[in-house]
Amino acid sequence: MIESLFVLSPTGKVIIEKHWHELIPRRVVDFFNDQVSKAMAEGEDVTREDVLPIIASPKYQLINVYRDGLTYLSPVTKEVDPMMVFEFLHRIPDIMQEYFGQVSETVIKENFVTVYQLLEEMMDDGFPLTTEPNSLKEIVPAPNILNKVITTMGATTSVSTRKMPNGMSNLPWRKAGVKYNSNEIFFDIVEEIDAIVDSTGKAVSCEAHGTIQTNSRLSGMPDLTLSFVNPRLVDDCSFHQSVRFNKWESDKVLSFVPPDGHFRLMSYRVNLPSQQNLPIQVKPSINIGANGAKFDITVSLRNTDGKAVENVVLTLPLHKSTSTLTAQCNVGQYMFDPVGKVLRWDVGKIVPRERAPVLSGSFGFGSASSEAAANAGYNIGVEFLINSHSLSGLKVDVLKLFNESYKPYKGVRTMTKAGRYQVRA
Amino acid sequence: MYNVDAYIKSLTSNAVKLSKKVQDGIVENTRDLRFENQAHFLDTNEDKMREIRKNLDSKYEKEKLDGLKRLIAMISKGRDVSEFFPDVVKNVASNSLEVRKLVYIYILRYAEQEQDLALLSINTFQKDLSDKNQLIRAMALRVMSGIRVPVISPIVMLGIKKCVTDLSPYVRKIAAHAIPKCYQLDPAQKDALMDIISTMLGDNSTFTIGSVLMAFNQVCPDRLDLIHPQYRKLCKMLVDMDEWGQITAIDLLLRYSRTQFLNPIGKSTAQPASRTKKEKSVVKSFYSDDDSDVSHHSSDSESDESEEENNSVDPDLAYLLKCALPLLQSRNSQVVLSVAKLYMHLAPAEDSYKIGRPLVRLLRTHREIQYVVLNNIVAIASQRPYVFDQFYQHFFVRSTDPVFIRNLKLDILTLIATESNITFILRELQEYVKSSNKGFVTQAIEAIGHCASNIPEMAESCLGGLLKLSYSKSGSVAAQSVVAIRRLLQQRPGDSVFMITQLTKALDEITEPLARANIFWLVGQYSSQLQTVAPDVLRKAAKSFATESESSKLQILTLGGKLVALEGTTSKTVSLLFQYVLNMARYDLDYGVRDRARFLRALVYGKQKVALATIDLDSDENDHENGLQESDSTEQDAHNVDEDFAYSEKELNLSDHIKAILLSEKAAPVQENPSHGREQYKVGSMSLVLNRVVAGYEALPDWPKVQPDPSVRRLAATMEAPGYMNDRTGFGSDSAYAKSRQGQDISPAGGKGRYDGQAGAFRGAETLDKFLESSDEETSSDEEDDSEEETSDEEDTSDEDEETSEAESGSGVEDDDDEEEEEEEASSSEEEAILPTKRTNGRRG
């Protein structure tokens, strides 16, 4: 049972307070803030992310989610499946994102009445009720320009109780009576590469996580079947509620009645067999001396089907005692953050068969703890993006539409990105 | 084309109203003509507060809204605004939906404090319960049951009774949600509520059933007998329920199954061969095959039954497991974890490999969810490591992982290490030692030690790795490695000599006190096998004694004592060295060291020097106390002294027992895994994550010893559902897939209106007569259904016959399904709407 929710600002102030069961006094928030600051004072490299998601207090277990600077705190008194609480708490910013386009302290304050109405509908006496964006939008109207104009003109009286949307769709995830002049559906296949690459360039672990983000603008109740050229590539997957599990099991096709608007149709994982699959190679060499180190980092392309790699960014967190840094690069620009001790190299776009970007230079340790610094390992975080490229090679074959007579416009885009991509030096 | 018309109509009417409004009120409203930003309500000063009451009394809805919004802003800021209750409650019957919703939010917040005033609103809710609109009916019941005023419990009860028979599944869902609330208001109503629940369990709408089960779990979790007739239906509906309903249903079915079936888990200590085959076909050769190792797979703690039980899974239980399996692909991580729970606690052990991959998938989600998943993986892996051993790469730590994630990943790596993946894991662990986080480095080194003791075959390479680390420039790494080596060596005396010799070579370079102390202790303990090296270590130690740390000094003293005890006083050098050390220690600053020196002097040299040493035997006790603060080995020394001492009360010649005292075998330390003990809790529970019992935790019931009567689940015929409950959430769901497709193929043109989501709404507007008529039909056909439960293949056909014969006055003939279908199409849309599940009767099972 999820009894209460407090949404806290980055400074720990209550923005939203909602009780679905009994009232829980606000004191609990003070206790929570104390625990967080205590935990963060434990070590210099402890951040807010390192604070435990479940903090025990004498009376409550403080289940908290930290996301985009905001804390979603739910104190519970009794045994509950914590995963359910986390799942629900994460749904709240998801829904707010859907309604308001972004989630921040200001956005919540600007729309707090809507937020309260949403929270009221999402949960009933501690049990989740309506969490599907499509159903929620029928009950709580999303703010849009037309609504705003009408309310401002004082026309709210026209929305009387008699005018309330009458149809709850039989499908919780799809609105009833959707109507578009031009019917379109778009699929964005985005694959993220998670990899740990060791200093010799060998991948210690490597896999691709794909998601199919869908934007459906189809009228009526379309029933879609999406099939792939090579579905066997998929190692493991999860689906939106609308996808018929059994159909995937038997025929390896996605059969579903889509929700209206944006949704994530499918997430999947593909194991990548060997390191040749990695589109980019980062070769770091860091020679550490007693008082500092010389480094140079080379980036080269491999296996991108001749496509350019864009938005390449390398980040190298340095040891805390690092005091000075000098470097030069032939492509892009670098930046050293002397407070966070992070070197960030914005390489930009790399085109195949051009000369490889190199960043070289040296950094020095402050006097204090140079011995510890000399032994520390370094990890380079890598970001990049390749358009119209699918690392795993998963391809959409055909999309069929049943139950409606129109011919929709269909679009498929693919993109490969770096996910949790890390190179050890 | 109803939609288009309605849309246009509402648009025009809105436009007309809008233009009227604009004309009427443009002058006074111009000041508000800006995009509404609700934030300004949050800036509340006292003047504005005074306005609230005026706003609430206003006849303009806009002003009422302003007042209410300001009130909610106050609640948000933590101010008590209960004083406005009378003003707010007046607006509960407002015509504006928006006003009402805000009023509800306010009432729910303060009703408990203003009970008398809250009663004023009840009348409106009761009236709304008969509203034409299903959402209004639902909202009225929700708010009414949410007002926590005990007096109104009979009224809530009436409301529930009314809504339970509502045509709209949404209203019934809300009614189910109201049941536990009513129970909390007045526990005396339990029996009546239980009756309602037992009727509602017959509900066939996937939309409703999850909430009914939730109410069941809250009000009467022990009445599992009510589930018997519904069990198979619930299994079947599982895949189509909404995600939160699935979670509740799995919980209930798990409890139910634990009381109704014999334990099928089996004592499979060995890895089942079937799994190997299956996995191989799926996994692309990337993972080395690691199936050969079976030795460390612990048996399942829960399995008391004999092996023969393995193959005899009750068909009903097997059905549940089969129905739950697809849910592993849900996007809701709790659903995935619930299925994992089901498989851990119900399925034969050889099936548990199925949950590995989906659980690992959850590692790609939010930090908090990772935390829970990893905790559960620790618990599962400590019983059945083979579920995860091929996924070891997913547990490799990234430098960006938060601390709590890192530690859990390390735990898991040590648990799932096998002979085939240990080389990779070991290489990875050695990589972690480079981290700048000291705590993490310590943990990584300990993890290497754990791996070695878990897999004896790999201990050698682990030791090799640790030895390399003990030369590390970083003091703490070296110290931790030596400690880990010491622990390992105690478990594996065979390797000791070589390793210790290696360690002593490093002694000159190792400066960390803890590491040095451990080496001295090791040398002393195994000195009988280190005849040449040990005295030399003592010599070096004597030389550096003055600069050693206290713990090292204590260990040097012990080392000396042991050497002398071993060689007697025959070796002049050793004896001299020892005496030198003793003399040094005598003037040490630390009383612990001085005490230890006196004690050892008395012990080793016994009578001859007792006088010299000017001590009494109390120092034994003294030492004992100190020993408590020292390493486990010295504590044991002291303990031994005590025991021996008891036998020689009179003749205090301890030196006779000196070998027994100093060189007794020390028990190898037991490696405590911090996550140990989690496996006793239910998978997915808070107690498991926190590794302690949280209030309200209920353990799973024990398996029955004797098979309970399985025929109870066949009695479904007696429990038919009333007609209104039979509208399965058909279209779009898995089970209805075949039906809808078939209908499509037959009449593509007619497909449009048939699946209109508005259908439910039409039904709500039906007259009572129509309803009674249709429900009669459905009930009768249902009876037909239920009696033929066993032969479900024919169920549909017969159902259809029954149905058509009544609806179409007997025109349906078995053979011409297609014709029937068309006739059905031709029938009025009302008919369609009343019988949503019966629409596609043209199907064949």
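Because only heavy atoms are used, hydrogens play no part in the values below, and waters and symmetry mates are left out as well, while side chains stay in. Just so we're on the same page: letters track the sequence lines, and every chain starts at 1. Everything quoted here is computed from the prediction, not taken from an experiment.
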Salt bridge (Lys or Arg N to Asp or Glu O under 4.0 Å), paired with Glu120(A), selected from Lys101(B), Arg142(B), Arg109(B), Arg100(B):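 That would be Arg142(B).
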Check whether the side chains of Glu87(A) and Ser333(B) place a donor and an acceptor atom closer than 3.5 Å, and report yes or no. yes
Going by atom types only, do Ser687(B) and Glu79(A) share a side-chain donor-acceptor pair under 3.5 Å? yes
Partner chain B: residue of [options] with the largest heavy-atom pair count (under 4.5 Å):
| options | result |
| --- | --- |
| Phe88(A), Phe256(A), Tyr66(A) | Tyr66(A) |
| Thr77(A), Val14(A), Asp194(A) | Asp194(A) |
| Arg91(A), Glu192(A), Met266(A) | Arg91(A) |
| Gly381(A), Ser267(A), Pro128(A), Gly419(A) | Pro128(A) |
| Gln61(A), Lys13(A), Lys18(A), His19(A) | Gln61(A) |

Against chain B, label [X] side chain, backbone, both or neither, depending on which of its atoms sit under 4.5 Å from a heavy atom there.
| X | answer |
| --- | --- |
| Val85(A) | neither |
| Asp198(A) | neither |
| Ala39(A) | neither |
| Thr47(A) | neither |
| Trp20(A) | neither |
| Glu132(A) | side chain |

Spacing of [atom1] belonging to [X] relative to [atom2] belonging to [Y], to within rounding of 0.5 Å:
| X | Y | atom1 | atom2 | answer |
| --- | --- | --- | --- | --- |
| Ser205(A) | Phe424(B) | OG | CZ | 12.5 Å |
| Leu129(A) | Met214(B) | CG | CE | 9.0 Å |
| Phe86(A) | Leu337(B) | CZ | CG | 12.0 Å |
| Glu121(A) | Leu135(B) | CD | CG | 8.5 Å |
| Leu325(B) | Glu249(A) | CG | CD | 6.5 Å |
| Phe239(A) | Gln329(B) | CZ | CD | 4.5 Å |

Fit a plane to each ring of His90(A) and His366(B), take the angle between them on a 0 to 90° scale, and name the class: parallel (under 30°), tilted (30 to 60°) or perpendicular (over 60°).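 His90(A) and His366(B): parallel rings.
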Selection from [options] maximising heavy-atom pairs under 4.5 Å formed with chain A:
| options | answer |
| --- | --- |
| Gly696(B), Ser685(B), Gly146(B), Ala178(B) | Ser685(B) |
| Arg367(B), Arg427(B), Arg364(B), Glu428(B) | Arg364(B) |
| Gln218(B), Lys173(B), Lys341(B) | Gln218(B) |

Proximity breakdown for [X] and chain A, heavy-atom pairs closer than 4.5 Å:
| X | answer |
| --- | --- |
| Leu362(B) | side chain |
| Leu688(B) | neither |
| Val373(B) | both |
| Ile369(B) | both |
| Val403(B) | both |
| Thr248(B) | neither |
| Asn375(B) | neither |
| Ile174(B) | side chain |
| Tyr104(B) | neither |

Is the shortest distance from a Lys or Arg side-chain nitrogen in [X] or [Y] to a carboxylate oxygen in the other one below 4.0 Å?
| X | Y | answer |
| --- | --- | --- |
| Asp236(A) | Arg357(B) | no |
| Lys78(A) | Glu698(B) | no |
| Arg148(B) | Glu22(A) | yes |

I want to check something: taking the side chain as every heavy atom from C-beta on, are [X] and [Y] in contact at a cut-off of under 4.5 Å?
| X | Y | value |
| --- | --- | --- |
| Ile16(A) | Ser76(B) | yes |
| Asp81(A) | Asp251(B) | yes |
| Arg269(A) | Val360(B) | yes |
| Leu690(B) | Ile54(A) | yes |
| Arg420(A) | Thr400(B) | no |
| Arg398(B) | Ile196(A) | yes |
| Gln117(A) | Leu102(B) | yes |
| Met686(B) | Ile63(A) | yes |

Which heavy atom in [X] sits nearest to a heavy atom in [Y], and how many Å separate them?
| X | Y | value |
| --- | --- | --- |
| Tyr116(A) | Ile72(B) | CD1-CG2, 3.4 Å |
| Pro53(A) | Tyr371(B) | CG-CD2, 3.6 Å |
| Phe245(A) | Pro326(B) | CB-CB, 3.6 Å |
| Val113(A) | Lys69(B) | CG2-CG, 3.6 Å |
| Gly684(B) | Pro82(A) | O-CD, 3.2 Å |
| Val397(B) | Arg424(A) | O-NH2, 3.5 Å |

Counting N and O atoms only, with roles assigned by atom type, does the side chain of Asn379(A) sit under 3.5 Å from a partner on the main chain of Ser399(B), one being a donor and the other an acceptor? no
Please assess Met84(A) against Trp244(B) for the test side-chain contact (heavy atoms from CB on, under 4.5 Å), listing each intermediate value before the final yes or no. CA-CA 9 Å; Met84(A) 190 176 95; Trp244(B) 312 107; 3.8 Å; yes
